[in-house]
Amino acid sequence: TAVNEALHEALESDGKAVVFGEDVGFGGVFRCTTGLAERFGRDRVFNTPLCEQGIVGFGVGLAAMGHRAIAEVQFADYIFPAMDQLVNEAAKYRYRSGGQWDCGGLTVRAPCGAVGHGGHYHSQSPEAYFTHTPGLKVVVPSGPREAKGLLLASIRDPNPVVFFEPKMMYRTSVEDVPEGDYELPLGEARVVREGSDATLVGWGPQVKVLVAAAKELEETDGAQCEVIDLRTLLPWDYETVCASVSKTGRLVVSHEASFTGGFGAEIAAFVSERCFLRLESPPVRVCGQDTPFPGHAHEPLFLPTQQKVVEAVRSSIGY
Amino acid sequence: LARALRPRAARGLAAAAGALDVELNVPFMAHKIDPPGQTVQTSKEELLGFFRTMFQMRRMEIAADMLYKGKFIRGFCHLYDGQEAVATGMEAAITKEDAIITSYRDHCTHVGRGGTVLEVMAELLGRVDGCSKGIGGSMHMYKRDAEFYGGNGIVGAQVPLGAGIAFQQKYSGKPNVTFALYGDGAANQGQGFEALNIAALWDLPVVYVCENNHYGMGTAEWRAAKQPAYYTRGDYVPGLRIDGMDVLAVKEGVAFAKKHALEHGPIVLEMDTYRYHGHSMSDPGSTYRTRDEISGIRQERDPIERVRKLLLDRDLASAKELKAIEKEVKAEIDQAVEGAKKSPEPGLDYLTKNIYRATIESTVKGTRHGLVYDAV
């Protein structure tokens, strides 16, 4: 997988990089760490017991000593015991020590997002909790090519990064991934599709949904939508988004995570202020419902489907 | 002194009622406490009950396996077959006023608490006749009227909850205890140690039960724990290691623990048990253990076969009688499966039910336009 390739490159290029987490030794539950232990040895790729807070805290310490500590949390739904270590320790280490220490080498990877049958605890997208934490960076790739480049950039970025990998894409996303070492810049969004009628902003698995919605709108309504893959949520590329909205006059943000307090709210608020006079219609968010992530029977009702996105764009254009 | 002499009259009465004494094979191992005796009193009736219940649990889990492979059950499904003696033996030593809270491997625990196979099956299929209305799924089965607090997806989360439940029991002066069950993998979660300290500090009537099936998903206990003798990990809290494949040992150990918890406070039990299936239906269970190991346990320590042998060896039941029980149970399971398949999925209105509680007359408005949370 692309993530696997990135990890191989990361460990190859930096002798002080280590990978650890539950079951990473045999390759991990999503095969992301396949071959690493065999190639780089068990003192660089090792399993941890089942203790997220301990894993991340350990990672913070290791990173403080100059290592690239690549910690894996098996599912993003399990990241919460580690919240304190991320928010209070990792994010504030450099700040509170007046720059003497930092854990910039820390990267915490976790599979996130809906997968059709994940239910309450194997489907969550918790990125919003972390975007509220200055000192961290939050990155969500939208496909394999993106994942490899962004992961390498995240690992090498001199700041602690939380890297959410949409688990749906481990198996379903097939793309040509460039061989070798390459990075994609953090803090820069990617314009996936150009258009002048509306700006659709998303990240991770939702980007595909936005592209499909854009195609549908082009066919049925003749509308040209610009689709932006935000890639990095913290810090997010407001320049690209604002430039786009200044052109189109309409913003639709879409993410799987719940509506209230989701990261879409931040984008909508910021753009409303910055681009007020350029807006033709109010910025709109198409998101997961304000409920816990439901069981399979209700998952389609919960998610921001293509249909919901299309309707939202249509009503923005027709405002 | 472990083997107390029983009063003659009681023994006579017990003998008349078909009572018998059984010597346990595996000695209890104790940490900072004197262990209970190795002789357990039981009866033909009790043993037949154990046989039936464990066989029912076994067939239920096997049915779940088939339904999963047939894609009737989706998502995550963690089976308990092999561990039946723990759920069954525990129930024999406690009442439905004692509380149980456990992990996601909870189907049989639910049945042990008095739940029906139908409501387990329907829940697994995500149907409205399930014990959690089809919303909870495999990992979230509950039974309020039997003090069963579930069914928890997040590893280890249930342990501090157990301390809280126990606090309530002590606070209201009930002669009851709480059993908080967790696995060998979960034993390394920090919150477990926090719960242990709290319970010991406040003398809470909680029994922490580590169901040690020796593998945390695919990780053997010795790879995850510096000290895999989980019954000693309470340190200042006493502990007991019990042969979890022996329903009578479980009954004895749990009765002992309940008494201790009521009189003194927390105690840790380690059940030496084994699961035949992998961690979940996504795990074949054979990449980290040998097939010989699995079949070896099945041959030598299977909890159901052990009781069968006891019943047959002591002439308490005939092979024919046991076969009849098996047949009856299989029919019951089949019926439950059919019933579950017929049950409808929970309505779409269930998406917003039970998120918040509102007063009877009103509803809670979500902050999203048009999204309204129901009162119940």
Side-chain angles (χ1 to χ4, degrees), chain A residues 21-30 42 46-57 74-75 77-82 84-85 115-124 258-262 265 284-304, chain B residues 71 73-76 104 123 125-128 130 132-140 152-157 183-193 216-219 221 223-226 279 282-283 287-288 344-355 366-369 371 373:
Chain A
E22 293 157 32
D23 302 306
V24 299
F26 82 85
V29 290
F30 292 109
R42 300 246 163 217
F46 50 92
N47 290 339
T48 60
L50 209 168
C51 47
E52 289 74 19
Q53 184 169 20
I55 292 167
V56 175
Q74 200 158 79
F75 283 87
D77 314 61
Y78 309 157
I79 203 168
F80 300 108
D84 179 69
Q85 284 294 336
V115 74
H117 55 261
H120 317 291
Y121 297 118
H122 296 84
S123 313
Q124 293 178 66
S258 302
F259 180 79
T260 299
V284 155
R285 295 169 281 157
V286 183
C287 307
Q289 301 278 14
D290 277 340
T291 72
F293 199 98
H296 348 298
H298 295 134
E299 188 168 311
L301 193 62
F302 174 92
L303 289 173
Chain B
K71 300 209 197 288
I73 300 175
R74 298 176 65 215
F76 297 85
Y104 45 77
E123 190 61 40
L125 268 65
R127 308 295 171 91
V128 83
S132 303
K133 307 281 190 294
I135 302 292
S138 163
M139 299 195 277
H140 303 106
N152 289 276
I154 297 295
V155 172
D184 44 290
N188 300 314
Q189 273 276 322
Q191 50 192 324
F193 294 96
M217 212 160 80
T219 303
E221 59 186 325
R223 283 192 199 272
K226 179 68 180 174
H279 163 73
S282 327
D283 170 23
T287 55
Y288 49 85
E345 282 185 344
L348 295 179
D349 55 326
Y350 266 96
L351 181 69
T352 52
K353 271 198 214 290
N354 296 312
I355 297 174
T367 47
R368 177 115 189 243
H369 178 68
L371 195 70
Y373 302 113

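In what follows, every chain begins at residue 1, and chains take the letters A, B, ... in the order their sequences are listed.
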Given the options B:Glu345, B:Met139, B:His140, B:Gln191, which has more heavy-atom pairs under 4.5 Å with chain A than any of the others?
B:His140
Looking only at B:Pro346, B:Ala225, B:Ala187, B:Gly134, the option with the highest number of non-hydrogen pairs under 4.5 Å against chain A is B:Pro346
Given a strict heavy-atom distance threshold of 4.5 Å, which part of B:Tyr350 is in contact with chain A: side chain, backbone, both, or neither?
both
Go through the atoms of A:Val29 and report whether side chain, backbone, both or neither lie under 4.5 Å from a heavy atom of chain B.
side chain
From A:Asn47 atom CG to B:Arg223 atom CZ, the distance as rounded to the nearest 0.5 Å
7.5 Å
To the nearest 0.5 Å, tell me how far A:Leu50 CG sits from B:Asp184 CG.
9.5 Å
Check for a donor-acceptor pair, side chain of A:His120 on one end and backbone N or O of B:Ile135 on the other, with a separation under 3.5 Å.
yes
Using 30° and 60° as the class boundaries, would you call the ring planes of B:Phe76 and A:His117 parallel, tilted or perpendicular?
tilted
As an exercise, state the distance from OH of A:Tyr121 to OH of B:Tyr104, rounded to the nearest 0.5 Å.
14.0 Å
Using a 4.5 Å cut-off on heavy atoms from C-beta on, say whether the side chain of A:Gln74 contacts that of B:Met217.
yes
Would you confirm whether A:His296, through its side chain, and B:Gly126, through its main-chain N or O, come within 3.5 Å as a donor-acceptor pair?
no
What one should report as the nearest heavy-atom pair of A:Leu301 and B:Leu351 is CD2-CD2, 3.6 Å
Structural part of A:Glu299 lying under 4.5 Å from a heavy atom of chain B
neither
Does any donor atom in the side chain of B:Gln189 or A:Glu52 lie under 3.5 Å from an acceptor atom in the other side chain?
yes
Greatest number of non-hydrogen atom pairs under 4.5 angstrom with chain A, of B:Ile154, B:Thr287, B:Thr219, falls to B:Ile154
Residue pair A:Cys51 / B:Asn188: nearest heavy atoms and the distance that separates them
CB-O, 3.5 Å
